[in-house]
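Data block below; observations after.
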Amino acid sequence: RQMCIRDRAIILVQKINTMTSRTPSESYTVVTDLVLPSETNPVGNMFGGELLARMDRAASIAARRHCRRIVTTVSVNHVAFSKMIPLGSVVTIEAKVSRAFKSSMEVVMDIWIEDRESGMRNKSNEGIYTFVAVDESGQPVPVPLITPESDLEKERFKAALRRRQLSLVIAGKMKPAEATELIALF
């Protein structure tokens with residue numbers, strides 16, 4: 001009986017430790033697909049909405065991998081359609097959680113097009129989505145923190161807080177004077 005209680009305590013400590021922090025690489029998600037004729041506009045380029053849907057799926061997988069919970073898209077914070085994606089292109093979306101807050105996670109995505117002849121990849125687009133982890137009844141639940149490792153992950157981690165503060169100020173949920181990361185920019 002004592003062994004059973006001890007084993008339960010160990011499992012509980014392990015669960016607490018996994019909620020403490022994770023790295024962006026643990027949420028890393030890659031989705032690769034081909035652009036088909038039904039997904040293009042009259043000039044033969046991928047519909048923007050088609051790309052947004054693919055990005056949402058990739059980002060939701062990354063968010064779910066981070067928190068291991070049901071996630072829901074809260075906002076599309078930023079999308080840059082820098083290059084057209086032609087019919088027949090191989091499109092790869094790379095997604096990672098850049099920062100986690102109480103129950104929300106920011107996911108950053110880089111979108112790549114593979115050249116048909118050379119196989120070289122060129123960045124075509126980028127995006128940032130926000131997700132919230134929820135329980136089975138749809139109520140927000142806490143998520144593990146993020147510990148960035150690479151220089152790029154550290155920069156994205158810092159930038160996520162600035163974007164969050166800006167969003168909260170615009171929504172009237174934070175006073176501008178409290179947005180310390182934004183103030184530090186000026």
If you group Ile, Leu, Val, Met, Phe, Trp and Tyr by side-chain heavy-atom gaps below 4.5 Å, do Phe81 and Ile85 land in one group?
yes
For Val143 and Val71, run side-chain contact (heavy atoms from CB on, under 4.5 Å): C-alpha distance rounded to whole Å, both residues' side-chain angles, the deciding distance at 0.1 Å, then the answer.
CA-CA 11 Å; Val143 298; Val71 297; over 6 Å; no
Ala59 and Met109: which non-hydrogen atoms are nearest, and at how many Å?
CB-SD, 3.7 Å
Atom pair CZ (Arg22) and CE (Met105), whose distance is rounded to the nearest 0.5 Å
10.5 Å
Between the CD1 atom in Ile113 and the NZ atom in Lys83, the distance rounded to the nearest 0.5 Å is 7.0 Å
CD1 of Ile61 to CZ of Arg64: how many Å apart, nearest 0.5 Å?
9.5 Å
Same apolar cluster: Ile170 and Met174, side chain cutoff 4.5 Å
no
Quiz: residues 127-135 side-chain donor-acceptor pairs under 3.5 angstrom, not counting sequence neighbours:
from   : atom 1 : to     : atom 2 : distance (Å)
Tyr129 : OH     : Leu52  : O      : 3.1
Thr130 : OG1    : Asn77  : OD1    : 3.2
Thr130 : OG1    : Asn77  : ND2    : 2.9
Asp135 : OD1    : Ser137 : N      : 2.9
Asp135 : OD1    : Ser137 : OG     : 2.8
Asp135 : OD1    : Gly138 : N      : 3.1
Asp135 : OD1    : Gln139 : N      : 2.9

Are side-chain heavy atoms of Met46 and Ser89 found at a separation under 4.5 Å?
no
Ile93 reachable from Val76 in the ILVMFWY side-chain graph, under 4.5 Å edges
yes
Ignoring hydrogens, what is the shortest heavy-atom contact between Ala58 and Ala95? Give both atom names and the distance.
O-CB, 3.9 Å
Taking Glu39 for its side chain and Leu36 for its backbone only, find out whether a donor-acceptor pair lies under 3.5 Å.
yes
Heavy atoms from other residues, nucleotides or ligands near CE of Met84 exceed 12 (cutoff 6.0 Å)
no
Any idea which heavy atoms bring Pro140 and Ser103 closest together, and the distance?
CB-OG, 3.7 Å
Side chains of Pro24 and Ser98, heavy atoms from C-beta outward: is any pair under 4.5 Å?
no
Give, for atom NZ of Lys173 and atom OG of Ser167, the distance between the pair rounded to the nearest 0.5 Å.
7.5 Å
Passes side-chain contact (heavy atoms from CB on, under 4.5 Å), Val31 versus Arg54? Steps please.
CA-CA 8 Å; Val31 175; Arg54 291 182 187 193; 5.7 Å; no
Pairwise side-chain contact, His66 with Ile146, heavy-atom cut-off 4.5 Å (strictly under)
yes
Do Leu51 and Val79 have side chains that get closer than 4.5 Å, going by heavy atoms?
no
Side chains of Pro86 and Asn45: does their closest heavy-atom pair fall under 4.5 Å?
yes
Considering all heavy atoms of both residues, which atom of Arg99 and which atom of Phe157 are nearest to each other, and what is their separation?
NH1-O, 3.0 Å
Let me see the working for Ser25 and Glu149 under side-chain contact (heavy atoms from CB on, under 4.5 Å), right down to the final yes or no.
CA-CA 9 Å; Ser25 61; Glu149 298 175 306; 3.7 Å; yes
Under 3.5 Å: donor-acceptor pair, side chain of Gln165, backbone of Glu181:
yes
Looking at every non-hydrogen atom in both residues, tell me the closest pair between Ala179 and Val169 and how far apart they are.
CB-CG2, 3.9 Å
Is any side-chain heavy atom of Asp33 closer than 4.5 Å to a side-chain heavy atom of Val91?
no
Pairing donors with acceptors under 3.5 angstrom, does anything connect the side chains of Thr32 and Thr92?
yes
Side chain Thr147, main chain Ser21, donor-acceptor under 3.5 Å:
no
Less than 4.0 Å between a side-chain N and a carboxylate O, is that true for Glu106 and Arg163?
yes
Would you indicate whether Lys158, at its atom NZ, is surrounded by more than 12 heavy atoms from other residues, nucleotides or ligands within a distance under 6.0 Å?
no
Atom CG of Leu168 and atom CG of Leu161: how far apart are they, to the nearest 0.5 Å?
9.5 Å
Does a side-chain N-to-carboxylate-O contact under 4.0 Å join Glu155 and Arg162?
yes
Out of curiosity, Lys96 NZ to Ser27 OG, how far, rounded to the nearest 0.5 Å?
7.5 Å
